[in-house]
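Okay, structure first, notes after.
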Amino acid sequence: VQKYKTGATIVGLSAGSIILNSDIYDRNNSEMKLGMGLLNNIFFFPHLEEESYAYEMIQFAHEFPQKNAYGLENNCFLKIGSSGEIEKIGKGKAYICSSNGKEISIKILP
């Protein structure tokens, strides 16, 4: 955590991306657990095209309005800058899913 705060690059792949946030969504019981705390309000749903991860991302947005869920297909990743700017890199698609409590929004990241 200290190295990240001084500008070091941190990489999380698959479950490694999920634990970077201050909270971790436990999909088995829809509860929040304690994460590493490197990111805030950025919840990752990797391997979006596999199994039921897309549904879980939408369910997360429904249960936790005002939080951002990022669904990542294989072959892409997000580069998150120190100021919070987000850039999608790779051939796969990345989505941001959020809710205002009434509607769920899903957008493809450029």
Side-chain angles (χ1 to χ4, degrees):
V1 173
Q2 197 64 7
K3 288 188 179 216
Y4 175 73
K5 290 181 179 179
T6 60
T9 299
I10 304 295
V11 176
L13 178 63
S14 192
S17 66
I18 294 170
I19 65 169
L20 296 176
N21 197 39
S22 54
D23 295 314
I24 299 170
Y25 175 64
D26 184 342
R27 64 187 179 134
N28 295 318
N29 56 19
S30 298
E31 292 180 355
M32 292 293 188
K33 307 273 177 145
L34 188 61
M36 291 180 66
L38 298 178
L39 302 172
N40 290 306
N41 198 29
I42 299 179
F43 295 85
F44 293 108
F45 289 80
H47 315 294
L48 197 65
E49 70 272 30
E50 298 176 16
E51 301 180 30
S52 62
Y53 296 129
Y55 172 78
E56 291 169 7
M57 180 181 71
I58 293 168
Q59 185 67 31
F60 170 85
H62 174 72
E63 292 180 23
F64 298 97
Q66 310 304 326
K67 296 194 179 289
N68 296 315
Y70 291 87
L72 304 172
E73 292 182 349
N74 293 333
N75 300 316
C76 82
F77 65 93
L78 298 182
K79 179 180 177 183
I80 303 171
S82 59
S83 301
E85 65 277 6
I86 296 176
E87 176 185 2
K88 193 251 341 162
I89 299 174
K91 294 179 182 179
K93 292 180 182 169
Y95 304 84
I96 181 169
C97 181
S98 61
S99 172
N100 61 12
K102 295 179 183 179
E103 299 176 332
I104 293 175
S105 169
I106 301 173
K107 297 177 184 174
I108 297 175
L109 296 174

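Basis for what follows: all heavy atoms, side chains included, without hydrogens, waters or symmetry-related copies.
- One finds the OH atom of Tyr55 at 9.0 Å from the NE2 atom of His62 (value rounded to the nearest 0.5 Å).
- With rounding to the nearest 0.5 Å, the separation of CG in Asn41 from CG in Asn21 is 7.0 Å.
- The aromatic rings of Tyr25 and Phe45 sit tilted relative to each other, their planes meeting at an angle between 30° and 60°.
- If you take CG on Leu34 and CG on Asp23, they are separated by 7.5 Å, rounding to the nearest 0.5 Å.
- Phe44 and Ile18 get closest at one heavy-atom pair: O-CG1, 3.6 Å.
- Between Gly101 and Pro65, the closest heavy-atom pair is N-CB, 3.8 Å.
- A heavy-atom distance below 4.5 Å is found between the side chains of Ile86 and Ile80.
- By the criterion of side-chain heavy atoms lying less than 4.5 angstrom apart, applied directly or through intervening Ile, Leu, Val, Met, Phe, Trp or Tyr residues, Met57 is not grouped with Ile96; the two fall into different hydrophobic clusters.
- Annotation: the span from Asp26 atom CG to Lys33 atom NZ amounts to 4.5 Å, rounded to 0.5 Å.
- Hydrophobic clustering (side-chain heavy atoms under 4.5 Å, transitive across Ile, Leu, Val, Met, Phe, Trp, Tyr) groups Phe60 together with Ile104.
- Under the 4.5 Å side-chain heavy-atom criterion for Ile, Leu, Val, Met, Phe, Trp and Tyr, Tyr95 and Ile42 are members of distinct hydrophobic clusters.
- Rounded to the nearest 0.5 angstrom, Gln59 CD and Cys97 SG are separated by 10.5 Å.
- Open room surrounds CD on Glu103; 12 or fewer heavy atoms of other groups in view lie less than 6.0 Å from it.
- A 4.5 Å side-chain heavy-atom check between Gln66 and Asn100 finds at least one atom pair inside the cut-off.
- For NZ of Lys88, the number of neighbouring non-hydrogen atoms (other residues, nucleotides, ligands) closer than 6.0 Å is greater than 12.
- Nearest heavy-atom pair across Pro46 and Ser17 is CG-OG, 4.1 Å.
- Atom CG in Leu20 sits 5.5 Å away from atom CG in Leu38 (nearest 0.5 Å).
- Residues Leu48 and Leu109 do not share a hydrophobic cluster, clusters being chains of Ile/Leu/Val/Met/Phe/Trp/Tyr side chains in contact below 4.5 Å.
- The shortest distance between side-chain heavy atoms of His47 and Ser14 falls below 4.5 Å.
- One hydrophobic cluster, built from ILVMFWY side chains closer than 4.5 Å, holds both Met36 and Leu72.
- Nearest heavy atoms, Asn40 versus Ser22: OD1-OG, 3.0 Å.
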**Worked check of side-chain contact (heavy atoms from CB on, under 4.5 Å) between Met32 and Phe43** = CA-CA 11 Å; Met32 292 293 188; Phe43 295 85; 3.8 Å; yes
